[in-house]
Amino acid sequence: MSFQAPKGTFDWLPPRSERVLAVREALAAPLRLAGYGYIETPVFEDTQLFARGVGESTDIVTKEMYTFPDKAGRSLTLRPEGTASVVRAVLQHNLHAGQLPVKLWYSGSQFRYERAQKGRYRHFWQVGAEALGAEDPALDAELIVLATRGFASLGLKNVRLLLNTLGDKNCRPAYRAALQDFLRGLDLDEDTRARIEINPLRVLDDKRPEVQAQLSDAPLVVDHLCEACKAYHDEVRSLLREAGVAFEDDPKLVRGLDYYTRTTFEFVHGGLGSQSAVGGGGRYDGLSEMLGGPPLPSVGWALGVDRTFLAMEAEGLLGDDAAHERVQVYGVPLGDDARRRMFLLIDELRAAGLSADMAFGGKGLKGAMKGAGRSGAAFALILGERDLAAEAVQVKDLATAEQTEVPLAKVVDVLKGKVQ
RNA sequence: GUGGGUGUAGCUCAGUUGGCAGAGCGCCAGGUUGUGGUCCUGGAUGUCGAGGGUUCAAGUCCCUUCACUCACCCCA
C-alpha cells in the first residue's frame, strides 16, 4: 500500500458513509424548519480572519491552524471553525443591512493541526448555525432547542446540555481580575501560569485532578454578573425549562474561542472516549466589531458530525449496516448480445425511477446471480440468448425464488408495479 | 509538544522456551453447461510495517525508524 490518508484524517466508506449523510441531514433539518438559510463559505480564508476572530492567544491560532502561503504570497488558513467565516461573509455582503437577525446554517469540513485521538481528527465535519444581529434570550434558547431536536431525531438519549454565561464587557473584566488574583495564588505549572495572564477563564476547564482540587474555591462568573447579564441568563434558562429542554448549570464551563460572551453551552456525551463534546456554542456579541464590522450581537453553535456519529455508535443506534439495500433491480446478462440489451434496459429502469445495477466484467451466470444477491435487489433480471429470441426477460423474485417470463417491452412497467 | 499500547492474508486476529506462515470471515472456482442467498469440496492472496543487529536458524530476542491507536496538553 503506497499511499495513506494524511495523518489524523480518515475516509468514510460505504455503507457507513451513507449514515454520515443522514446525520448531517438530521442535524440540519430543525434549522430549515426555523428559517435558517444555507450558507457555504470557502474552506480557506485570510489567516488574519481567524487570528483576530478566534483569538491570538488561543492554542488554535498559535499552533493548530493549517496556514500556508499561496503562490502570490498571501497567508491563507484552512478554516479551524465556521463562525468567523460566516460573520465575514455577512459583513462582506451586507446581509445585516436587512431585517435582523440574519439566520444562517452551514455544513462542512474544518481543519485543526492536532495530535489525533478518538473523536479528534485533523479534518472533521460540523453542522453549524448562526443568528446575527439580535440580542434576545429567546434567540439563544431557540438555537439550543434546535440542536437538542436534531440530536433527539437521531435517537440519541444521552446527550447532556451544559450551560453557563461568561458575562459581558461590563462585568467580565472585574471577574477576570478577581479570578486572576485567585489563580496566581495556586501551585500550578508554568504553562498554566502563563494561561492565567492571557486567558484565565480557560484554567477553570483544566481536567487534571490536581488542578481541579485547587479550584473548588475559585470565584465563579455567576457571582460576578452585572444585572443585565444576570437577567439575560435567567431568561434563557427559563425559556429552556419551559421548552422542556433539560440542562445542567456548569459555572466552570468555558469555551476555547476568545469571542464568546454571555451564554455559552456545550453538548456532551460519555461515549466518545476522552473527548466529550458533541457540539457547543454561545453568544459572541463582540466578534463583528473585532472583524471591523458594526456592533452585531449574535449567537451560534456548531455540532460535530463525526462526534455525533461516535455518540450514536456508543448508544447502539447504528445497527447492522451490512444488511442494506443498494439497488432494487439487478441485471444478469448472459453473453455479449444480452449484455448490450441489458445495458439499455437498466438505463430505462433508472429513467423510470427505479434503482438498478447489473453484473459487469463478463461474469458467468452463477457469479452474476451472486452479485444480484449481494446487491440487496428484490428482483433479478436474467437475459440470455433464448430470452432475446423470445423478446422476453426472466424476472426472478430473489426473496421467493419465483421466476416469471416478461416481454422486454413490458418489463419496466411490470417492475414499477412490483417495487412501487 | 509529551506518554502508553499495537503493527502477521482484503477484514478480525492466533502464532508456545527462537525451528516449514496459520484460523475465522470475506474473495474466487467447482458440486449445479441458464439461476443467488443455505450446504459440501477445492483454490488464490503475505516485503510477518521498514532498516539494521544477535544466531546454524528471527514473526518471535536487541537497536533504530515509520505508521496506526489511546491518553495528556489543548480543543468540537
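Here is how names work: the chains are called A, B, and so on, in the same order as the sequence lines, proteins then strands, and each is numbered from 1.
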*Asks:* Tell me whether the side-chain N/O atoms of Gln117(A) come closer than 4.0 Å to OP1 or OP2 in C72(B).
*Replies:* yes

*Asks:* Regarding Asp46(A) and Arg74(A), does a basic nitrogen lie under 4.0 Å from an acidic carboxylate oxygen?
*Replies:* no

*Asks:* Which nucleotide in the set G37(B), U35(B), C70(B) lies at the smallest distance from any side-chain heavy atom of Lys370(A)?
*Replies:* G37(B)

*Asks:* Sort and list the pairs that fulfil salt bridge (Lys or Arg N to Asp or Glu O under 4.0 Å) and have at least one residue in residues 114-139 of chain A, not counting sequence neighbours.
*Replies:* Glu114(A)-Arg120(A), Glu135(A)-Arg262(A)

*Asks:* Ring-plane angle category for Phe111(A) and His123(A), please: parallel below 30°, perpendicular beyond 60°, tilted otherwise.
*Replies:* parallel

*Asks:* Taking any heavy-atom pair under 4.0 Å as a contact, classify Lys7(A): base, sugar-phosphate, or nothing.
*Replies:* sugar-phosphate

*Asks:* Is there a side-chain contact between Ser274(A) and the phosphate of C72(B), meaning an N or O under 4.0 Å from OP1 or OP2?
*Replies:* yes

*Asks:* Which pairs, with at least one residue in residues 150-163 of chain A and sequence neighbours excluded, count as a salt bridge (Lys or Arg N to Asp or Glu O under 4.0 Å)?
*Replies:* Arg160(A)-Glu248(A)

*Asks:* How far, in whole Å, is U38(B) from U32(B) if one measures between their C1' atoms?
*Replies:* 14 Å

*Asks:* Just checking Gln110(A): base, sugar-phosphate only, or nothing, at a heavy-atom cut-off of under 4.0 Å?
*Replies:* nothing

*Asks:* In which ranges does RNA chain B form stems of 3 or more consecutive Watson-Crick or G-U pairs, distances under 3.5 Å?
*Replies:* B:1-7 with B:66-72, B:10-13 with B:22-25, B:27-31 with B:39-43, B:49-53 with B:61-65

*Asks:* Does the side chain of Asp168(A) pick up a donor-acceptor pair with the side chain of Tyr232(A) at under 3.5 Å?
*Replies:* no

*Asks:* Roughly how many Å apart are A23(B) and G31(B), using the P atom of each and rounding to a whole number?
*Replies:* 25 Å

*Asks:* Ring centres under 6.0 Å, that's the criterion: do Tyr121(A) and Phe10(A) meet it?
*Replies:* yes

*Asks:* Measuring only the P atom in each nucleotide, how far is C68(B) from C11(B)? A whole number of Å is fine.
*Replies:* 15 Å

*Asks:* Distance only, no hydrogens: is a donor on one side chain within 3.5 Å (strictly under) of an acceptor on the other, for Gln180(A) and Tyr175(A)?
*Replies:* no

*Asks:* Among pairs that include at least one residue of residues 24-33 of chain A, which meet side-chain hydrogen bond (donor to acceptor under 3.5 Å, both in side chains), considering only residues two or more places apart or in two chains?
*Replies:* none

*Asks:* For a quick check of understanding: with a heavy-atom distance under 4.0 Å over all strands, which category does Gly119(A) fall into, base, sugar-phosphate or nothing?
*Replies:* base

*Asks:* To the nearest Å, how far apart are Ile382(A) CD1 and G36(B) P?
*Replies:* 10 Å

*Asks:* Identify whether the distance between the nearest side-chain nitrogen and carboxylate oxygen of Arg52(A) and Glu289(A) falls below 4.0 Å.
*Replies:* no

*Asks:* Under a 4.0 Å threshold between the charged nitrogen and the carboxylate oxygen, would Lys396(A) count as salt-bridged to Glu402(A)?
*Replies:* no

*Asks:* Checking all strands, does Ala277(A) fall into the base, sugar-phosphate, or nothing category for heavy-atom contacts under 4.0 angstrom?
*Replies:* sugar-phosphate

*Asks:* May I ask you to verify if any side-chain N or O of Gln275(A) is less than 4.0 angstrom from the OP1 or OP2 atom of A76(B)?
*Replies:* no

*Asks:* Please write out the pairs of protein N or O atoms and N or O atoms of nucleotides 2-10 of chain B separated by less than 3.5 Å, giving the distance to one decimal.
*Replies:*
{"unit_1": "U2(B)", "atom_1": "O4", "unit_2": "Arg115(A)", "atom_2": "NH1", "d": "2.5"}

*Asks:* With a non-hydrogen cut-off below 4.0 angstrom, is Phe111(A) in contact with a base, only sugar-phosphate, or nothing?
*Replies:* nothing

*Asks:* Using a cut-off of strictly less than 4.0 Å, decide whether Arg374(A) has a side-chain nitrogen or oxygen near OP1 or OP2 of C27(B).
*Replies:* yes

*Asks:* When we call it a touch if two heavy atoms are under 4.0 Å apart, what does Ala401(A) touch: a base, just sugar-phosphate, or nothing?
*Replies:* base

*Asks:* Salt bridge or not between Arg339(A) and Asp336(A)? Use side-chain N to carboxylate O under 4.0 Å.
*Replies:* yes

*Asks:* Taking the ring of Phe151(A) and the ring of Phe267(A), is the distance between their centroids below 6.0 Å?
*Replies:* yes

*Asks:* Please list, for nucleotides 38-43 of chain B, all pairs of protein and nucleotide N/O atoms separated by less than 3.5 Å.
*Replies:*
none

*Asks:* Base, sugar-phosphate, or nothing: which does Phe124(A) touch, judged by heavy atoms less than 4.0 Å apart?
*Replies:* base

*Asks:* Students often get this wrong, so: under 4.0 angstrom with heavy atoms, is Ala399(A) touching a base, only sugar-phosphate, or nothing?
*Replies:* base

